[in-house]
Amino acid sequence: MKIVLAVSFLASASAFAPSASKPAFATSLAGKQNFLEAEPYYDQSTVPVNVYKNKAPFTGKVVSTKRIVGPTATGETCHIIIDHNGDFPYWEGQSWGVIPPGTREKDGKPHSVRLYSIASSRYGDDMTGKTGSLCVRRATYWCPELKADDPAKKGICSNFLCDTQPGDSVDMTGPAGKVMLMPEEDPKTDYIMVATGTGIAPYRGFIRRLFVEDTPAGNVYKGQAWLFLGVANSDALLYDDEWQSVKSKYPDNFRLDYALSREQENKKGGKMYIQDKVEEYSDEIFEKLSNGAHIYFCGLKGMMPGIQDMLKGVAEAKGLDYDEWLKGLKTKKQWHVEVY
């Protein structure tokens with residue numbers, strides 16, 4: 001049986017204390033995490049989908065909202081823990097819809113739902129199965145004329161979430177999506193997880209399930225989970241303390257690579273973007289994919305053209321037909337994309 005990391009991830013909502021630097025994340029162990037499993041645990045036939053809808057949303061309560069990036073990060077990113085009292089089950093890789101309060105100025109109708117990938121395992125940060133977490137970047141618009149953020153053009157939902165206080169209500173829909181689920185039947189499956197910014201959210205759920213919590217999937221996992229994260233600088237890294245803890249305890253089963261566009265250079269002397277970092281390991285990644293690995297992409301949709309151009313170039317250099325190669329991955333359900 002694997003060593004469970006939760007002992008070193010001490011605490012509850014109080015662990016998310018504000019700090020001048022990036023706060024540490026932690027969680028306590030509340031017995032085994034085996035009470036929200038399918039039978040067998042890898043059977044995906046009962047995954048909940050769209051249990052709560054726009055006209056009849058679920059109302060969760062905010063436990064905590066904390067900034068999780070350093071002072072020189074590009075923008076503000078918050079980790080928000082929401083109490084659902086065990087009444088809103090979900091699986092790792094799914095999303096919650098959030099309906100911000102108020103109405104639209106243009107027509108007075110309620111705001112539309114915004115989807116956010118869930119940033120915790122099904123057991124939540126406190127491992128009770130009664131909370132879930134979101135990783136949200138505050139959307140702002142810099143006006144060159146005002147030389148300041150224009151509040152009239154700020155993101156309605158992201159600002160609502162980042163401004164929430166403990167006890168605030170959040171109307172939610174979902175859970176949504178099945179494209180980002182982990183296929184857990186074969187415990188030797190390799191997972192290649194590629195993220196930009198808050199696209200890290202689903203992978204936090206994956207990694208906690210595989211390495212931090214005492215779950216049936218984690219206890220038998222023998223594969224390798226490889227995380228690539230692209231952000232602007234070191235202060236913008238998300239959950240780095242968690243990744244470093246997992247890496248130190250499971251060096252053979254967890255790999256970690258960062259692309260820091262404002263601090264690193266790619267092989268051509270330009271900025272290091274996520275596709276450049278993935279390309280550095282392209283031979284190994286292609287080999288893993290040929291052996292059945294699953295690859296995931298999550299983040300802003302603008303990440304995908306660069307990644308696909310890079311993969312196409314690598315495939316052609318290997319004498320592969322890129323379109324056929326990609327079709328094969330999709331046919332075997334090894335290709336998972338969720339961008340926004």
Side-chain angles (χ1 to χ4, degrees), residues 42 44-45 47 49 91-95 115-118 176-203 205-207 210 223-231 254-261 264-340:
Y42 51 76
Q44 297 183 354
S45 63
V47 174
V49 177
W91 281 35
E92 298 78 16
Q94 290 192 292
S95 299
L115 288 177
Y116 294 92
S117 297
I118 301 170
K178 297 174 74 172
V179 70
M180 296 291 281
L181 298 178
M182 288 192 295
E184 297 178 331
E185 186 167 2
D186 182 356
K188 298 185 296 295
T189 299
D190 289 340
Y191 302 112
I192 302 165
M193 304 164 285
V194 182
T196 57
T198 57
I200 197 74
Y203 310 140
F206 292 5
I207 293 165
L210 293 175
Q224 186 179 80
W226 192 351
L227 176 63
F228 291 88
L229 172 61
V231 292
F254 179 67
R255 290 175 68 174
L256 175 66
D257 281 282
Y258 290 144
L260 306 176
S261 61
Q264 301 171 334
E265 288 187 354
N266 60 27
K267 64 183 181 181
K268 297 178 182 178
K271 291 183 177 181
M272 176 70 78
Y273 291 113
I274 191 70
Q275 63 267 26
D276 303 313
K277 180 57 67 174
V278 173
E279 186 178 14
E280 289 183 4
Y281 301 95
S282 57
D283 287 345
E284 195 172 354
I285 288 171
F286 269 64
E287 182 179 359
K288 282 181 175 290
L289 290 170
S290 69
N291 291 327
H294 284 243
I295 191 165
Y296 296 78
F297 302 94
C298 189
L300 294 174
K301 60 184 178 182
M303 71 187 281
M304 290 309 295
I307 285 173
Q308 292 191 296
D309 287 346
M310 179 274 294
L311 291 174
K312 183 176 182 179
V314 173
E316 291 175 348
K318 294 178 176 293
L320 300 172
D321 182 311
Y322 175 71
D323 292 334
E324 286 300 314
W325 175 80
L326 181 57
K327 182 180 178 181
L329 291 180
K330 291 180 177 180
T331 299
K332 296 176 183 177
K333 298 182 179 180
Q334 293 172 248
W335 181 269
H336 309 259
V337 179
E338 186 168 84
V339 293
Y340 40 85

Working to the nearest 0.5 angstrom, can you tell me the gap between Thr189 OG1 and Gln334 CD? 9.5 Å
Report yes or no: does Glu92 contribute a side-chain atom to a donor-acceptor pair with the main-chain N or O of Phe206 at less than 3.5 Å? no
If you look only at pairs with a residue in residues 291-304, which of them pass as a side chain to side chain donor-acceptor pair (under 3.5 Å), with sequence neighbours excluded? His294-His336
Would you call Lys178 and Trp91 a side-chain contact if the rule is heavy atoms closer than 4.5 Å? no
Side chain to side chain, Val337 and Met304, heavy atoms closer than 4.5 Å: yes
Salt-bridge test for Lys267 and Glu280: reply yes if a basic N is under 4.0 Å from a carboxylate O, no otherwise. no
Within a strict 4.5 Å, meaning less than it, do heavy atoms of the Leu260 and Val231 side chains meet? yes
Counting only N and O atoms by type, is there a donor-acceptor contact under 3.5 Å from the side chain of Gln94 to the main-chain atoms of Ser117? no
Could you tell me if the side chain of Gln44 sits less than 4.5 Å from the side chain of Leu181, heavy atoms only? yes
Just do the ring-ring contact (aromatic ring centres under 6.0 Å, His included) check on Trp226 and Tyr281 with the steps written out, would you? CA-CA 11 Å; Trp226 192 351; Tyr281 301 95; 5.2 Å; yes
Do other residues, nucleotides or ligands put more than 12 heavy atoms under 6.0 Å from Lys332 NZ? no
What pairs of residues pass the ring-ring contact (aromatic ring centres under 6.0 Å, His included) test when at least one of them lies in residues 181-201, not counting sequence neighbours? Tyr191-Tyr221
State the CG-CE distance between Leu227 and Met193, to the nearest 0.5 angstrom. 5.0 Å
Minimal heavy-atom distance between Met180 and Gly93, with the atoms involved, is CB-O, 3.3 Å
Heavy atoms only: give me the nearest Gly199-Pro202 pair and the separation to one decimal. O-CD, 3.3 Å
Separation between OG of Ser261 and NZ of Lys271, rounded to the nearest 0.5 Å: 6.0 Å
Can Glu284 and Arg255 be counted as an ion pair, charged N to O under 4.0 angstrom? yes
Keeping the roles fixed (side chain from Glu338, backbone from Cys298), state whether a donor-acceptor pair exists under 3.5 Å. no
For Thr196 and Met303, the nearest pair of non-hydrogen atoms, with its separation, is OG1-SD, 3.7 Å
Least distance between heavy atoms, Ala225 atom then Leu210 atom: CB-CD1, 4.4 Å
Please find the pair of heavy atoms, one from Leu311 and one from Phe297, that lie closest to each other, and give the distance. CD1-CZ, 4.4 Å
Asp276 side-chain N/O to Tyr273 backbone N/O, donor-acceptor pair under 3.5 Å: yes
Distance (rounded to the nearest 0.5 Å) between Lys277 NZ and Met310 CE: 12.0 Å
Could you check whether any side-chain heavy atom of Leu300 comes within less than 4.5 Å of a side-chain heavy atom of Tyr340, counting everything from C-beta outward? yes
Taking every non-hydrogen atom, the tightest pair across Gly230 and Ile274: N-CD1, 3.5 Å
Can you give me every donor-acceptor pair (side chain of residues 316-330, partner residue at least two apart or in another chain, under 3.5 Å) with its distance?
from: Lys318; atom 1: NZ; to: Asp283; atom 2: OD1; distance (Å): 2.7
from: Asp321; atom 1: OD1; to: Asp323; atom 2: N; distance (Å): 3.0
from: Asp321; atom 1: OD1; to: Glu324; atom 2: N; distance (Å): 3.1

Among Ile285, Leu256, Ile295, find the residue that satisfies the side-chain contact (heavy atoms from CB on, under 4.5 Å) test when tested with Phe228. Ile285
